[in-house]
Amino acid sequence: MTILTFTLILLAGAYLAGLVGSLTGLGGGVVVIPLLTLVFHVDIRYAIGAALLASIANSSGAASAYVKEGITNIRLGMFLEIATTVGAVAGAVIAVYTPTNTIAILFGAILLFSAAMTIRKKNQEALTTGSNLSFKLKLNSSYPTKEGPINYQLKNVGAGFSIMALAGVMSGLLGIGSGALKVLAMDSTMHIPFKVSTTTSNFMIGVTAAASAVVYLQRGYMDPGIAFPVVLGVLGGAFTGSKLLTRLDPKVLKYIFCTAICFVAVEMIYNGYNHQF
Amino acid sequence: MKKDISKNLFADHDIEQFIGLQLRYGVIIASLIVLIGGLVYLQQSGGLALPAYHQFIGTKTGFTSIGQIITGISTFNAKGIIQLGVVVLIATPVLRIAFSLVGFVMERDKLYILITLIVLSVMMVSIFGGLKV
């Protein structure tokens with residue numbers, strides 16, 4: 001295969017990954033790793049480097065729209081980024097001592113968990129009485145809706161912070177945004193309305209991924225020949241996805257893709273178990 | 001108290017608009033640089049055989065430090081240009097933290113100035129801490 005053919009096929013694949021990632025809410029980075037390793041037989045370390053870049057591009061691109069609408073809780077994001085960045089740097093350090101097959105198995109497990117998280121029931125209710133800590137840290141806020149702004153408060157700040165640290169470690173270790181773990185921390189644990197938790201999670205993914213991306217760049221995980229088609233393809237796919245989302249209800253698509261993702265996850269675990277990486 | 005909150009919200013709103021724009025332009029500029037480098041890369045070596053990507057060679061790929069990337073750009077090396085785009089992309093969220101810091105300083109929010117400084121120093125440790133092993 002020549003470089004040109006590889007680039008064009010990967011560009012198309014990354015476009016689809018970005019599209020699926022955006023329609024399911026899983027994020028493009030998560031789909032890029034199996035694409036590179038299972039389809040193109042690229043070393044998983046190059047795949048992790050490329051996926052991190054895809055996560056940063058996706059997060060920053062989408063966050064710019066949400067932040068301007070005032071849905072994102074910037075204070076909450078900033079506070080929780082202490083946990084995710086420390087976790088991400090730790091994850092990038094642990095990665096050196098972790099066999100690639102273990103990373104593949106762990107990745108498959110997180111993928112299954114993420115697929116389950118995207119089709120579960122979502123928290124729409126705004127909490128009206130927050131915990132003491134939520135006041136001290138000024139985390140309670142409001143977000144705009146068609147019917148006017150809705151106030152919300154939150155609780156279990158400590159537990160949410162701990163899950164965020166874990167999300168950071170996974171992000172640094174596997175090169176993904178860990179959106180599912182971030183939403184679990186905010187949505188299920190801290191009782192933040194779904195719209196705020198997803199946009200704030202998205203807002204944080206860029207910073208979390210950047211914290212470990214710097215380390216990986218210096219280690220040579222980011223190959224320009226792979227980064228180029230992956231970054232442009234995933235961004236294009238995510239952009240198309242966001243346009244499609246406003247016009248169609250992706251419920252059926254979501255189920256189909258999540259089922260497909262489960263098969264991919266099982267294959268990653270199977271291959272990792274058989275030392276194929 | 002009430003007046004204080006509305007004033008804060010106003011400053012928040014301005015900073016939000018600015019951060020939104022900064023993130024968007026960061027991604028656009030990074031993608032453009034990657035696209036230019038990528039086109040040069042395909043033009044120069046599109047017909048060559050694919051490197052052995054199933055083998056990880058780490059830092060031997062080159063362009064893993066700012067120095068190497070700058071040298072690469074000055075010689076108009078395609079991979080160096082793509083890596084510059086990669087660096088701009090990674091710098092985009094880091095710059096966002098710095099702008100948030102400016103916002104909290106303008107609001108005189110001491111708690112969040114401290115929190116933002118902690119996040120920023122973690123990033124600095126990651127960048128300059130020699131963690132590449």
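Quantities reported herein were computed from a predicted structural model and do not represent experimental measurements. Order of the sequence lines fixes the chain letters, A, B, ..., with proteins taken first and strands second; residue numbering starts at 1 for each chain.
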Determine yes or no for a side-chain-to-main-chain donor-acceptor pair under 3.5 angstrom, with B:Tyr112 supplying the side chain and A:Leu137 the backbone. yes
Under 4.5 Å to a heavy atom of chain A? For B:Ile118 that would be side chain
So, do A:Leu36 and B:Tyr53 sit near enough that their side-chain heavy atoms are less than 4.5 Å apart? no
As an exercise, state the distance from CZ of A:Arg75 to CG of B:Leu111, rounded to the nearest 0.5 Å. 8.5 Å
When you compare the side chain of B:Leu42 with that of A:Phe228, does any pair of heavy atoms fall below 4.5 Å? yes
Against chain B, work out which of A:Asp43, A:Leu4, A:Val89 has the most heavy-atom pairs shorter than 4.5 Å and name it. A:Asp43
Answer yes or no for B:Arg96 and A:Phe203: cation-pi contact, defined as NZ/CZ to six-membered ring centre under 6.0 Å and angle to ring axis within 45°. yes
Part of B:Ile28 within contact of chain A (heavy atom distance under 4.5 Å): neither
So, for B:Leu23 and A:Ser60, which heavy atoms are closest and what is the spacing to 0.1 Å? CB-O, 3.7 Å
Would you say B:Glu16 and A:Thr72 make side-chain contact, with heavy atoms under 4.5 Å? no
Judged by atom type as modelled, is there a donor-acceptor pair below 3.5 Å linking the side chain of B:Ser126 to the main-chain atoms of A:Ala211? yes
Would you check if A:Met222 and B:Phe63 make a side-chain contact, meaning some heavy-atom pair closer than 4.5 Å? no
I need the B:Ile69 CD1 to A:Leu217 CG distance, nearest 0.5 Å. 5.5 Å
Might you point out which heavy atoms bring A:Gly206 and B:Pro93 nearest each other, and give the distance in Å? O-CG, 3.4 Å
To the nearest 0.5 Å, how far apart are OG in B:Ser100 and CD1 in A:Ile74? 6.0 Å
Around atom CG of A:Asn274, are there more than 12 heavy atoms of other residues, nucleotides or ligands at under 6.0 Å? yes
Shorter than 4.5 Å, heavy atoms on both sides: which option in A:Val231, A:Val214, A:Thr208 has the most such pairs with chain B? A:Val214
Which value, rounded to the nearest 0.5 Å, describes the distance between A:Arg45 atom CZ and B:Gln55 atom CD? 10.5 Å
Considering only heavy atoms and a distance below 4.5 Å, find which of B:Ala78, B:Gly37, B:Ser45, B:Gly80 pairs most often with chain A. B:Ser45
Measure A:Leu232 against the heavy atoms of chain B and call it side chain, backbone, both or neither at under 4.5 Å. side chain
Taken to the nearest 0.5 Å, the spacing of A:Met78 CE from B:Leu120 CG works out to 8.0 Å
Kindly give the heavy-atom pair with the smallest separation between A:Ala227 and B:Val86, and that separation in Å. CB-CG2, 4.1 Å
Heavy-atom contact with chain A under 4.5 Å, split by part of B:Val34: both
Which heavy atom in B:Val27 sits nearest to a heavy atom in A:Ala57, and how many Å separate them? CG2-O, 4.0 Å
Atom pair OG1/CG of A:Thr2 and B:Leu48 - distance to nearest 0.5 Å: 9.0 Å
Going by heavy atoms in the side chains, are A:Ile3 and B:Pro51 under 4.5 Å from each other? yes
For A:Leu53, which atoms come within 4.5 Å of any heavy atom of chain B: side chain, backbone, both, or neither? both
Of A:Thr7, A:Ile226, A:Thr5, the largest count of non-hydrogen pairs under 4.5 angstrom with chain B goes to A:Ile226
Just wondering, do B:Phe56 and A:Asp223 contact through their side chains at under 4.5 Å, heavy atoms? no
Taking atom CZ of B:Phe76 as the centre, does the number of heavy atoms from other residues, nucleotides or ligands within less than 6.0 Å exceed 12? no
Minimal heavy-atom distance between B:Ile127 and A:Gln218, with the atoms involved, is O-NE2, 3.0 Å
Within the 4.5 Å heavy-atom criterion, are B:Ile115 and A:Glu81 side-chain neighbours or not? no
If we define contacts as heavy-atom pairs under 4.5 Å, which of B:Val87, B:Val125, B:Thr92, B:Thr116 has the most with chain A? B:Thr116
Please step through side-chain contact (heavy atoms from CB on, under 4.5 Å) for the pair B:Val122 and A:Ile82, ending with a clear verdict. CA-CA 8 Å; B:Val122 175; A:Ile82 298 178; 5.8 Å; no
